[in-house]
Amino acid sequence: MKDPLMSRYTPSEIEPRWQAAWTEAETFVATREGDKPKYYVLEMFPYPSGRIHIGHVRNYTMGDVIARYKKATGHNVLHPMGFDAFGMPAENAAMASGGHPKDWTYGNIDTMVGQMKPLGFGLDWSRMFATCDPEYYGQQQALFLDFLDAGLVYRKNAVVNWDPVDMTVLANEQVIDGKGWRSGAEVERRELTQWFFKISDMADELLEAIDGLDDWPAKVKLMQANWIGRSRGLQFAFSTVDAPEGFDRIEVYTTRPDTLMGASFVGISPDHPLARHLERHDPDVAAFCAEARRGGTTEEALEKAEKLGRDTGIRVRHPFDTSWELPVYIANFILMDYGTGAIFGCPAHDQRDLDFARKYDLPVVSTFVPADADAHTRPEDGGGAYVPPKGDIVDYVNGLRAKGQMTGEVAVEQAIALCEENGVGQGVTKFRLRDWGLSRQRYWGCPIPVVHCDSCGVVPEKKENLPVRLPDDVSFDVPGNPLDRHPTWRDTSCPKCGAAARRETDTMDTFVDSSWYFARFTAPHAATPTDPEAAAYWMNVDQYIGGIEHAILHLLYSRFFARAMIATGHLPETAKEPFNALFTQGMVTHAIYQTRRPDGRPVYHYPEAVELRDGEAVLKEDGTRVEVIPSAKMSKSKNNVVDPADIISRYGADTARWFVLSDSPPERDVEWTASGADATHKHLARVYRIASEVSDAPEAGPNGADEALLKAMHKCIFEVTQGIESFGFNAAIAKLYAFTATLQKSDAGREAKRQAARTLAQLMAPMTPHLSEEIWHMLGGEGLLAEQPWPTADEAMLVDDSVTLPIQINGKRRSEITVAKDLAKDAVEALVLEDAAVQKALDGGAPKKLIVVPGRIVNVVV
RNA sequence: GCCGGUGUGGCGGAAUGGUAGACGCAGCGGAUUCAAAAUCCGCCGGGGGCGACCCCGUGGGGGUUCGAGUCCCCCCACCGGCACCA
């Protein structure tokens with residue numbers, strides 16, 4: 001008799017054993033062996049915040065499924081892991097608890113690696129690095145120097161977003177609703193000398209190349225295109241009347257030159273040189289400008305489209321009618337950053353301008369009207385601004401050259417042409433994308449490797465002096481940059497003249513760190529940023545997996561960096577687009593359980609404190625009804641966080657891995673439920689039990705059972721393979737459930753069952769590698785399953801001899817017939833007409849139409 | 001406001017224009033058990049009929065088609081991104 005203990009599924013015993021075996025065999029160490037094709041799969045590396053969460057588990061499990069599958073299909077796989085380890089939380093932690101950012105960061109990395117290893121990911125740990133390793137950031141400094149040399153980095157004075165809480169500069173992209181994206185503090189404007197990457201030089205190229213990213217989500221591509229924001233327009237100058245000296249022209253940029261005949265005012269930004277000039281001479285203007293600047297975008301909701309302007313008293317002449325004078329206003333809704341910081345307002349075709357015109361009693365003149373101008377109320381008669389898509393055909397009544405019906409696009413081009421002919425201005429293409437400011441006044445980042453010398457100016461550090469290391473002896477008892485107040489760190493000698501000089505104390509934006517780590521993984525310990533051979537072999541990343549939150553910044557910066565690294569010889573030309581395919585996965589969510597206090601404030605309860613009674617969620621303690629908010633983002637403050645460590649100790653890693661992939665498509669959110677995790681664990685235990693019982697099956701089963709089981713097996717191989725290839729992990733898992741049931745119920749003989757169970761283990765291996773490995777060995781499999789080739793489906797086993805065709809009558813299913821697979825169409829028709837349901841429907845008559853789709857369906861139209 | 005996306009049982013979700021609801025959860029019934037746990041078997045969109053069966057059903061309304069969850073048009077709701085970007 002079998003020992004019942006032998007058939008118990010014990011992940012806590014199985015999982016560490018196989019993890020050790022893989023490590024021992026160096027199964028997942030990436031090698032460039034033989035003539036196998038390479039495959040580079042990468043998940044966005046984590047920030048070492050302290051502990052991994054279940055979302056990481058899902059992210060890395062997806063990557064691991066791909067990695068293990070690709071290995072099994074004969075690829076040399078690179079699947080590395082590292083840490084995006086610089087950044088402000090480490091400094092914040094140091095400020096809060098007095099430790100050192102370095103200790104905090106490396107401590108967290110240790111913890112997280114300790115949490116990741118029990119999950120059994122097939123990662124090449126020998127390539128691990130953190131971006132705060134001097135070995136890594138030293139190479140980043142080398143890149144910076146090469147970029148500087150290539151003219152890809154420059155310094156300029158710039159008004160920057162100053163975060164008064166973090167005491168640091170933020171990129172435009174890092175300001176959300178006028179607040180710092182991390183601190184949430186109100187951002188102030190400050191002028192500083194900053195380092196910039198010339199990403200805007202590549203705006204056009206970065207935009208054009210989006211088209212070639214076939215395996216990127218359309219959504220991400222669109223977001224990037226919008227972010228780069230190319231626009232075609234006209235730039236021209238108004239000549240001024242009664243303007244101060246030096247301001248006899250005002251340059252404006254417009255994307256709608258076709259509306260020039262509808263212009264009624266000129267607006268300039270409060271930061272426009274003319275506004276700044278007026279400000280110095282007129283306290284009222286100064287007060288207005290100060291007020292306008294304060295608004296920013298923060299007050300958006302508050303101000304609720306409150307358009308404020310101030311007439312400067314200056315007038316400009318219309319370029320096509322010099323007797324026509326337009327007033328110049330300083331207006332709070334014009335940004336100095338975009339275009340020329342000055343516009344002409346056309347109230348009829350811009351809602352903002354219309355609001356403004358009505359407020360200040362300026363004329364409203366339509367230049368075009370809808371092509372089918374039926375019930376349209378013109379803006380001059382109190383209607384809203386008419387702003388159709390540029391591709392729509394409209395009727396030009398007062399266009400610039402344009403007459404009659406045409407699209408805005410055509411009219412714009414005509415207007416530009418006319419202006420150019422008359423020397424009024426020229427067509428220009430502008431981008432919304434700004435240069436990437438990378439200077440940060442922080443300690444915990446990659447030092448910018450330059451030296452400030454009184455006689456030589458800004459001098460790059462010599463490469464042989466890299467890395468410029470961060471000093472360890474710093475304190476965080478005062479806000480600001482500890483590098484600035486370090487007693488000796490700044491002191492150095494000029495690399496050019498040798499005189500005493502000062503180091504740059506700014507460090508780099510952490511987006512720099514993550515913009516090339518994928519390239520570094522190909523040769524993580526090379527003495528140069530990359531190793532040409534390794535980069536040529538492993539690049540590009542074949543499959544990149546990460547969150548949609550990185551759709552713009554990280555991915556755009558990485559695309560820029562790849563081009564910059566090619567320009568400086570650090571990557572091959574083919575690595576221009578470093579990520580061949582991108583997949584953005586959904587979150588893992590969890591219900592929130594809440595009750596309310598008498599004053600209505602919510603109280604959040606841990607899932608363990610809640611149970612179901614008669615279909616209602618109640619508190620275990622006293623039976624109080626609990627409000628359930630399903631599918632909520634996990635948050636510590638809402639008490640709905642699931643800790644992977646708890647799941648592993650309770651159910652094992654395989655259960656966690658299987659669950660996060662089941663139920664929902666990977667690009668969507670998945671809700672973690674205790675019952676689902678229980679069910680997964682039960683299922684895995686069932687698979688284990690079935691596998692251990694297979695040996696006991698009788699030698700030969702009843703007729704046909706073997707073939708039926710093997711057919712189901714080949715079908716399963718086919719479907720699971722397809723599921724993994726297409727990121728349909730949830731669908732693949734559904735097929736595995738079904739095949740498990742088939743195997744369990746099968747009357748097949750011992751050998752067929754053993755083969756089916758071994759194959760089941762193989763097909764499950766990308767998701768549940770430990771359980772699969774255990775079953776593989778239990779059933780006499782050779783070597784490590786993780787090193788076995790992927791099973792292939794036998795085409796011959798996928799087709800059935802007979803096929804069941806549903807019969808529809810007028811498109812509704814009414815009956816079915818089973819016929820030989822390749823039965824001729826007319827023979828099928830004859831059989832269909834004999835069918836009882838069809839006879840009844842025809843009632844003696846002939847069908848109007850009879851459609852036979854071979855192998856699929858039959859439709860009888862009566 | 002603009003740009004995307006989504007909408008299918010009590011729930012998560014399946015479905016190359018071809019039997020809607022695979023698979024899982026929850027629920028119900030049964031077997032096993034002294035009993036329970038565990039396990040196994042079955043049922044499980046709504047309505048009608050004793051029944052063979054019939055009617056309705058994929059957010060709403062139209063359309064294309066022999067046939068629509070799927071394609072087209074209009075509308076609604078929710079989610080996400082962007083935004084005084086000229």
Side-chain angles (χ1 to χ4, degrees), chain A residues 177 217-223 225-227 229 231 233-234 252-257 259 267 269 295-297 299-300 303 305-308 331-335 337-346 349-353 355-356 387 389 430-433 548-549 551-552 589 591 612 615 630-631 659 662-665 667-671 673-680 682-683 685-686 689 728 730-741 744-745 804-816 836-837 847-853 855-862:
Chain A
D177 289 340
K219 183 184 186 167
V220 173
K221 291 195 277 187
L222 186 69
M223 284 164 76
N226 289 342
W227 190 264
S231 65
L234 175 76
V252 300
Y253 173 69
T254 178
T255 54
R256 293 308 299 252
T259 65
S269 163
T297 52
E299 312 290 327
E300 180 195 339
E303 300 281 356
E306 177 74 10
K307 310 291 182 276
L308 297 173
N332 66 344
F333 61 95
I334 297 162
L335 300 179
D337 269 354
Y338 195 83
T340 60
I343 61 152
F344 72 80
C346 177
H349 304 294
D350 184 304
Q351 191 59 46
R352 285 183 316 249
D353 294 348
D355 294 347
F356 192 85
V387 194
K430 286 199 185 286
F431 295 90
R432 176 185 181 276
L433 182 69
I548 187 78
E549 67 272 20
I552 299 174
T589 62
L612 274 179
S631 306
F659 182 83
S662 62
D663 284 13
S664 290
E667 67 276 14
R668 278 207 231 165
D669 293 349
V670 65
E671 181 163 2
T673 61
S675 58
D678 266 337
T680 297
K682 279 184 194 172
H683 175 73
R686 174 162 49 234
R689 204 171 47 246
N730 57 325
I733 282 176
K735 303 300 182 190
L736 288 166
Y737 269 113
F739 179 56
T740 304
Q744 185 169 20
K745 289 172 192 171
T804 299
L805 296 178
I807 298 177
Q808 292 184 333
I809 293 168
N810 292 337
K812 287 186 190 294
R813 185 188 170 281
R814 284 291 181 268
S815 183
E816 62 181 35
K848 263 190 203 155
K849 207 165 183 180
L850 185 56
I851 293 131
V852 177
V853 184
R856 303 243 36 140
I857 203 166
V858 178
N859 194 9
V860 185
V861 185
V862 299

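Numbered from 1 within each chain, the chains take letters A, B, ... in sequence-line order.
- Applying the salt bridge (charged side-chain N to carboxylate O under 4.0 Å, His left out) test to A:D663 and every residue at least two apart in sequence or in another chain returns nothing.
- A:F344 meets the ring-ring contact (aromatic ring centres under 6.0 Å, His included) test with no other residue; sequence neighbours excluded.
- When the P atom is compared between B:C25 and B:C43, the two are found 15 Å apart, to the nearest whole Å.
- Positionally, the nearest nucleotide of RNA chain B for A:K849 lies more toward the 5' end than for the other of A:K849 and A:T255.
- At a threshold of 4.0 angstrom between heavy atoms, the contacts of A:K745 are confined to the sugar-phosphate backbone, with no base atom among them.
- In the set B:C66, B:G81, B:U19, the nucleotide with an atom closest to the side chain of A:M223 is B:G81.
- A:K430 has its NZ atom 12 Å from the P atom of B:A86, to the nearest Å.
- Contact check, A:R856 against B:C66: no side-chain N or O comes under 4.0 Å of OP1 or OP2.
- Rounded to whole Å, the distance from CG on A:L850 to P on B:G18 is 19 Å.
- Rounded to whole Å, the C1' atom of B:G27 lies 9 Å from the corresponding atom of B:G10.
- OP1 and OP2 of B:U6 both lie 4.0 Å or more from every side-chain N or O belonging to A:R668.
- When the P atom is used for both B:A37 and B:A31, the distance is 14 Å, rounded to whole Å.
- For B:G9, the base adopts the syn conformation, since its glycosidic angle falls within 90 degrees of zero.
- With sequence neighbours excluded, the residues that form a side chain to side chain donor-acceptor pair (under 3.5 Å) with A:E671 are A:S631.
- The CD1 atom of A:I857 sits 12 Å away from the P atom of B:G67 (whole-angstrom rounding).
- Qualifying side-chain contact (heavy atoms from CB on, under 4.5 Å) partners for A:N810, counting only residues two or more places apart in sequence or in other chains: A:V861, A:V862.
- Partners of A:A734 according to the side-chain contact (heavy atoms from CB on, under 4.5 Å) rule, which considers only residues two or more places apart in sequence or in another chain, do not exist here.
- Separation of atoms OG1 (A:T740) and NE2 (A:H683) is listed at 4.0 Å; rounding is to 0.5 Å.
- Here the C1' atom of nucleotide B:C2 and the NE2 atom of A:H349 are 19 Å apart, to the nearest Å.
- Stems are defined here as 3 or more consecutive Watson-Crick or G-U wobble pairs with pairing distances under 3.5 Å; those involving RNA chain B are B:1-7 with B:76-82, B:10-12 with B:23-25, B:27-31 with B:39-43, B:45-48 with B:53-56, B:59-63 with B:71-75.
- Rounded to whole Å, the distance from CG on A:L805 to P on B:C66 is 20 Å.
- Between the side chains of A:S662 and A:Y737, no donor N or O sits under 3.5 Å from an acceptor N or O.
- Each of A:I807, A:V853, A:I851, A:I809 was checked for a side-chain contact (heavy atoms from CB on, under 4.5 Å) with A:N859, and the lone residue meeting it is A:I851.
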Filtered N/O pairs between nucleotides 20-28 of chain B and protein, under 3.5 Å:
residue : atom : partner : partner atom : Å
B:C25   : O2'  : A:S675  : OG           : 3.0

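- Every salt bridge (charged side-chain N to carboxylate O under 4.0 Å, His left out) that A:R813 has, sequence neighbours left out, goes to A:E816.
- Residue contacts for A:L222: at a heavy-atom cut-off of 4.0 Å it reaches the sugar-phosphate backbone alone, with no base atom in range.
- Taking the C1' atoms as reference points, B:C44 lies 15 Å from B:G30, given to the whole Å.
- Counting any heavy atom pair closer than 4.0 Å across all strands shown, A:V861 reaches sugar-phosphate atoms only and no base atom.
- B:C79 and B:G42: their C1' atoms are spaced 40 Å apart (whole Å).
- The distance between atom NZ of A:K219 and atom P of B:G5, rounded to the nearest whole Å, is 9 Å.
- When the P atom of B:C2 is taken as reference, atom CZ of A:R432 falls 18 Å away, rounded to whole Å.
- The side chain to side chain donor-acceptor pair (under 3.5 Å) check on A:D350 picks up A:R352, with sequence neighbours excluded.
- In terms of the side chain to side chain donor-acceptor pair (under 3.5 Å) criterion, A:S675 has no residue partners (sequence neighbours excluded).
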Report summary line: Letter by letter from the 5' end, nucleotides 45-50 of chain B scores (B base, S sugar-phosphate only, - none; protein heavy atoms under 4.0 Å) ------
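- Contact annotation: A:R814 reaches the phosphate of B:C54 (side-chain N/O to OP1 or OP2, under 4.0 Å).
- Rounded to an integer number of Å, the gap from CG of A:N810 to P of B:U65 is 15 Å.
- Annotation: B:G57 and B:G21 have their C1' atoms spaced 11 Å apart (nearest Å).
- Every residue was checked against the side chain to side chain donor-acceptor pair (under 3.5 Å) condition with A:K735, not counting sequence neighbours, and none meets it.
- For the pair A:I548 and A:I851, both in contact range of RNA chain B, the more 5′-proximal nearest nucleotide belongs to A:I851.
- Rounded to a whole angstrom, the distance from the P atom of B:A26 to that of B:G12 is 15 Å.
- Rounded to the nearest Å, the gap between the P atom of B:G51 and that of B:G69 is 28 Å.
- In this structure, A:S662 reaches neither bases nor backbone, as no heavy-atom distance under 4.0 Å exists between it and the strands shown.
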Requested in this report: Test side-chain contact (heavy atoms from CB on, under 4.5 Å) on A:R256 and A:H349 and set out the steps.
Outcome: CA-CA 9 Å; A:R256 293 308 299 252; A:H349 304 294; over 6 Å; no
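- For A:R689 and B:A38, the shortest distance from a side-chain N or O to OP1 or OP2 is not below 4.0 Å.
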**Report entry** Candidate pair A:L850 and A:V858, rule side-chain contact (heavy atoms from CB on, under 4.5 Å), full reasoning
**Finding:** CA-CA 7 Å; A:L850 185 56; A:V858 178; 4.1 Å; yes
